[in-house]
Amino acid sequence: MSLRTMSWAEAVTESTRKPTRQPLNTYVPPHLRYNAGSSYGPGSSFTESTQYGFPPSYAGGGYRGGGRTGPSRGGGGRGGRAGGYGGRSRGWSQSSNPSPYPKQNRDPFHDVSEKFEKLQVSEEDINVGINFDAYEDIPVDSSGEDVPPPVNTFQDIDLGDCLNNNIKRCRYVKPTPVQRHAIPIAMAGRDLMACAQTGSGKTAAFCFPIISGVLTKCLSRSQSPGDGWTVFPSALILSPTRELASQIYEEAEKFAYQSGAKVAVVYGGAPMGQQLRELERGVDILVATPGRLVDMIERSRVSLKLIKYLALDEADRMLDMGFEPQIRKIVQRMDMPPPGARQTLLFSATFPNEIQRLAADFLKNYIFLTVGRVGSSTDLIAQKVEFVRDMDKIKHLCGLLKNQRENVTHGKLALTLVFVETKKGANHLENWLSRNGFPAIAIHGDKVQMERERALRSFKCGSTPILVATDVASRGLDIPHVSHVINFDFPKSIDDYVHRIGRTGRAGKSGLATAFFSEKNQPLAKALVELMKESKQEVPSWLNDYADQSLSYGGDQSQSYGSSNFGGYDFRRSENYHGSDNYGYGDSTVGVAAATFNDVAGSYAADSFGYGGNYGDSSVAASAGSFNDASYTGGEHDVAGASGSSSYGNYENIVAGGWD
DNA sequence: AAAAAAC
């Protein structure tokens with residue numbers, strides 16, 4: 001059976017698809033932005049066309065239909081409510097959309113289907129451009145007591161029919177390395193601190209066990225214990241930004257489709273009323289940003305009393321200076337059950353020791369897991385560092401963008417993400433670029449939520465192929481087709497650098513990251529050089545000189561990026577850690593996972609295969625011709641010290657066949 | 001000094 005015909009989700013999309021749609025490539029400069037249909041002047045050589053709108057009528061008829069009464073739905077408890085949200089009408093689903101993101105289609109898999117339709121992939125194409133051999137090299141390291149062994153297929157884990165069906169609908173064919181290791185750990189009920197780059201399937205890694213657990217253990221309890229308006233979710237997923245929360249929510253909706261587990265999202269900047277109404281419909285899994293959640297808890301609209309699962313995405317960010325008090329409040333000073341009485345899962349690409357120490361308070365007898373591609377996409381991202389004086393930055397950026405523009409010959413999407421330090425700087429650059437013929441839009445925390453989301457949407461779909469962003473966009477966001485990340489202002493920490501460049505090189509495709517480095521960034525030179533060496537990047541000699549000078553600054557900044565402990569190293573192993581009895585940390589492996597990682601992002605999932613061939617390789621001007629798939633074959637990846645747990649089984653039959 | 005996150 002061909003992939004083209006096997007998907008149920010595809011059929012749903014097909015039946016609700018509007019026959020014609022507007023072209024995707026549109027740029028409308030700021031001063032014309034509210035005039036739909038206007039086109040930009042002669043300055044730009046980017047594609048012009050009518051504004052891409054989201055017709056209100058595009059929403060499909062209630063996708064849930066009677067789905068919530070499906071076989072895996074828990075007993076009678078909430079049956080009485082089912083009628084209320086079965087068979088949503090068109091008008092209803094529009095007006096009650098909890099997120100200001102326009103829902104194009106109530107089918108949560110619409111993006112999966114669209115991707116496949118647009119790309120017209122055949123089964124043969126799916127193999128193209130994927131380096132399956134690279135999977136064998138992925139270093140994995142775990143520490144803690146009795147670490148459950150990894151699995152090789154989704155079927156090896158008893159996730160249940162419903163979840164398995166949704167995995168199929170998402171076209172996931174084989175678990176990614178982080179999923180192979182983290183899911184069994186989480187399914188065994190263990191607490192987990194995991195280092196794995198976003199884009200390597202992290203969201204699914206914590207969502208699958210949570211959904212499975214909610215379905216089997218919590219569903220019947222999730223109804224309100226009686227006090228009116230308060231809702232009692234069984235699982236809480238926290239995110240540092242609103243856009244990431246929204247993204248996690250959308251993913252979780254797919255995974256929980258027709259399962260009976262209800263997912264909801266709450267975050268600031270959007271009307272509280274809508275979110276509350278959505279909560280009143282029942283919520284098992286709540287995705288949230290901290291501020292809005294605290295607000296709702298204090299208003300007694302949400303109680304954490306019945307929380308059985310707590311997940312922190314970008315956990316190190318959630319516990320850094322600005323965030324820690326809020327998180328501590330939610331986790332320790334509201335009504336959440338203590339460690340041991342709940343299961344806690346922490347994920348991030350970077351995990352500094354100090355943060356691990358804080359995070360340990362939230363966990364009990366946890367497993368520390370480091371899975372492939374820690375800290376960076378390494379081989380997939382070509383990193384360039386250029387010395388640019390502050391006053392020359394704009395001119396320099398302009399040159400890069402021009403170059404790039406000339407190279408986009410086939411009208412393919414080639415998105416450029418430009419990171420700046422401040423909100424003011426973002427506005428300034430957005431304006432300057434727009435005035436000078438570059439289709440740019442900015443996203444930062446001073447914009448109202450609608451604008452933030454519009455900017456992101458406009459960037460994602462290619463209407464505005466240059467996004468100027470603060471660190472609000474540095475973590476977790478999955479934006480396909482970002483071919484170039486430019487660090488216009490060098491980030492404040494090397495971890496931020498890691499997260500920022502991780503916005504490109506996704507889905508197994510190459511990406512380019514260019515950083516502007518000036519004198520004042522000298523304190524980070526050493527850490528940067530170490531990071532670049534780890535990922536086999538060419539380090540300019542002038543940068544080496546800076547790094548040598550910065551020795552005198554002490555090792556603080558570069559602490560995590562020494563020879564072998566790249567992104568994360570279980571702090572319990574360090575000499576000066578004298579843990580309590582809680583922390584057995586039987587070392588199964590000695591060396592830490594490794595220097596070079598070949599995790600090919602979403603490649604495991606069939607849904608990301610399609611970019612292949614015509615995207616990425618040629619779309620970036622200054623792109624390093626030398627970093628393509630060929631670089632995998634060299635065998636130059638030294639997998640330092642990934643002992644013990646790093647034997648990997650069969651990789652045959654990775655592709656779709658596994659599902660039939 | 002700066003990002004982010006509630007109203």
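Here the structure is a predicted model, which means the values were calculated and not measured. All chains are named by letter (A, B, ...) in the order of the sequence lines, taking the proteins before the strands, and each is independently numbered beginning at 1.
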Would you check if there is a donor-acceptor pair between the side chains of A:Glu243 and A:Gln449 at a distance under 3.5 Å?
yes
Using atom CG of A:Asn427 as one end and atom P of B:dA2 as the other, report the distance to the nearest whole Å.
15 Å
At 4.0 Å (heavy atoms only), tell me whether A:Asp496 reaches a base, stays on the sugar-phosphate, or touches nothing.
nothing
Between A:Gln343 and A:Tyr366: side-chain donor-acceptor atoms closer than 3.5 Å:
no
For B:dA5, does OP1 or OP2 lie under 4.0 Å from any side-chain N or O of A:Arg452?
yes
Side chain of A:Glu298 (C-beta onward), nearest among B:dA3, B:dA6, B:dA4:
B:dA6
A:Phe490 CZ to B:dA1 C1', straight-line distance once rounded to whole Å
18 Å
Can you list the steps and then say if A:Tyr546 with A:Phe517 is a ring-ring contact (aromatic ring centres under 6.0 Å, His included)?
CA-CA 11 Å; A:Tyr546 270 106; A:Phe517 191 99; 5.6 Å; yes
Check the phosphate of B:dA1 against A:Lys492, side-chain N and O only, distance under 4.0 Å to OP1 or OP2. Yes or no?
no
From CZ of A:Arg475 over to P of B:dA5, roughly how many Å is that when rounded to an integer?
13 Å
Treating A:Glu386 as the side-chain partner and A:Thr514 as the backbone partner, does any N or O pair qualify as donor plus acceptor under 3.5 Å?
no
Quick one: is A:Arg242 getting a side-chain N or O under 4.0 Å of the B:dA6 phosphate, OP1 or OP2?
yes
Picking from B:dA2, B:dA6, B:dA4, which would you name as closest to the side chain of A:Thr422?
B:dA2
What is the distance, rounded to the nearest whole Å, between atom CD1 of A:Ile443 and atom C1' of B:dA3?
12 Å
A:Gln326 CD to B:dA3 P: how many Å, rounded?
17 Å
side-chain N/O A:Thr470 vs B:dA4 OP1/OP2, d < 4.0 Å:
yes
Take atom CE of A:Met321 and atom C1' of B:dA5, then tell me their distance rounded to the nearest Å.
15 Å
Side chain of A:Thr289 only, heavy atoms from C-beta on: which candidate in B:dA2, B:dA6, B:dA4 is closest?
B:dA6
Which is true for A:Gly322 with a 4.0 Å heavy-atom rule: it touches a base, it touches only sugar-phosphate, or it touches nothing?
base
For atom CG of A:Asp316 and atom P of B:dA3, their distance in whole Å
19 Å
Starting at atom CZ of A:Phe419, determine the distance to atom C1' of B:dA2, rounded to an integer number of angstrom.
15 Å
Does the ring center of A:Phe206 lie less than 6.0 Å from the ring center of A:Tyr309?
no
Please check the phosphate of B:dA2 (OP1 and OP2 only) for any side-chain N or O of A:Lys423 closer than 4.0 Å.
no
